[in-house]
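A, B, ... follow the sequence lines: proteins, then strands. Residue 1 opens every chain.
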There are 2 protein chains.
Amino acid sequence: MKAARDYSPKIDPLRDHCPVRAAIDVLSGRWKPSILWELKAEARRYSDLQGALPGISAQALTLQLRQLESDGIVLRTVYAEIPARVEYSLTDHGRSLSQVMDELERWGARHLEREGKQACICR
Amino acid sequence: MKAARDYSPKIDPLRDHCPVRAAIDVLSGRWKPSILWELKAEARRYSDLQGALPGISAQALTLQLRQLESDGIVLRTVYAEIPARVEYSLTDHGRSLSQVMDELERWGARHLEREGKQACICR
DNA sequence: CGGAATCCTATTTGATACTG
DNA sequence: CAGTATCAAATAGGATTCCG
């Protein structure tokens, strides 16, 4: 596995000081809200996540998980079994995102409604 | 000026139904949080914004404003004067973002702190 | 003043195939 | 099972120049 810093965001002076952008950057990613949703209740295995996210490729899933890991949001636990088992769970820091996610969901639902689109739960 | 739909996000079935992603997509953009910050208190002219956002190019500013406009967040008002004057302000929908921004700012500040980075107000 | 047009680069995302 | 490697495509963002 590559080093965690290989998945850190690139340098950007604005992001390094703006809390709002810092938060958005953590959540920005094709599958990140869905992954966080899946991990909200309990730890999940790699293959669980792949099954729960129709259309995601192995590479995409790995990348998003590594980025979330590098941001301290998810914890990767490898069990020394054969075949290997790897579980992903939320860290305390990751769980602290739930309020933010709730606000985003509320506002986003209103936004979709304005556009005449049907809002449903992230899956 | 081009049509508003030219600045709409591309098709993505997941975004079209996930409120969280919808909200994030509206706020995702190199300068959007800063622009919203600038417009929070009062309407600003194009050149005001350019001056308030060091490093932004004319094209980038135009693009971000058009996207925010197409999302119903900002209102563009052209005054028939010579030379032309254009003001940008928040719509009601845009003002309704403030709670979300506050949550993002709170969480983002904690996140930056964890990383040993100094948080400051978006500018 | 407030942009638009063009060109270019960087980053993100996806598809496919392969492996300890 | 849980990835990695490689390639290709799409998207975002910036630089420069020009215009009504």
For a quick test of your reading: what N or O donor-acceptor pairs under 3.5 Å do the side chains of residues 80-87 of chain A make, sequence neighbours left out?
{"unit_1": "A:E81", "atom_1": "OE1", "unit_2": "A:R85", "atom_2": "NE", "d": "3.2"}
{"unit_1": "A:E81", "atom_1": "OE2", "unit_2": "A:R85", "atom_2": "NE", "d": "3.4"}
{"unit_1": "A:E81", "atom_1": "OE2", "unit_2": "A:R85", "atom_2": "NH2", "d": "3.0"}
{"unit_1": "A:R85", "atom_1": "NH1", "unit_2": "A:E87", "atom_2": "OE2", "d": "3.1"}

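Annotation: side chain to side chain donor-acceptor pair (under 3.5 Å) contacts of A:E103 (sequence neighbours excluded): A:R106. Taking A:E115 as the reference, A:K117 meet the salt bridge (Lys or Arg N to Asp or Glu O under 4.0 Å) condition, with sequence neighbours excluded. Scored by the side chain to side chain contact (heavy atoms under 4.5 Å, CB included) test, A:L49 finds A:E38, A:L39, A:R44, A:L61, A:L65, A:Y88 as partners (sequence neighbours excluded).
As a whole-Å value, the separation of B:L53 CG from D:dG13 C1' is 15 Å. As rounded to whole Å, 13 Å separates atom C1' of C:dT13 from atom CD1 of A:I35. When the C1' atom of C:dG3 is taken as reference, atom CG of B:L49 falls 14 Å away, rounded to whole Å. Note: CD1 (B:I56) to P (D:dT16) measures 16 Å, nearest angstrom. Atom CG of B:L63 is separated from atom P of D:dT11 by 14 Å (rounded to the nearest Å).
Judged by distance alone, the side chain of B:T91 and the main-chain N or O of B:I73 form a donor-acceptor pair under 3.5 Å. Judged purely by atom type and a 3.5 angstrom limit, A:D48 uses its side chain to pair as donor or acceptor with the backbone of A:R45.
Between A:W31 and C:dG14 there is a side-chain N or O to OP1 or OP2 distance below 4.0 Å. The side chain of A:R30 contributes an N or O atom lying less than 4.0 Å from OP1 or OP2 of C:dG14.
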| remark: A correct 5'-to-3' footprint of nucleotides 1-8 of chain D, with B, S and - meaning base, sugar-phosphate only and no protein heavy atom under 4.0 Å, is SSBB-B--
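By the criterion of side-chain heavy atoms lying less than 4.5 angstrom apart, applied directly or through intervening Ile, Leu, Val, Met, Phe, Trp or Tyr residues, A:L27 is not grouped with A:L75; the two fall into different hydrophobic clusters.
Inter-residue side-chain proximity for B:L53 and B:I35 is flagged as met; some heavy-atom pair is nearer than 4.5 Å.
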| field | Structure string for DNA chain D in dot-bracket form, Watson-Crick and G-U at under 3.5 Å, | interchain | value | ||||||||||||||||||||
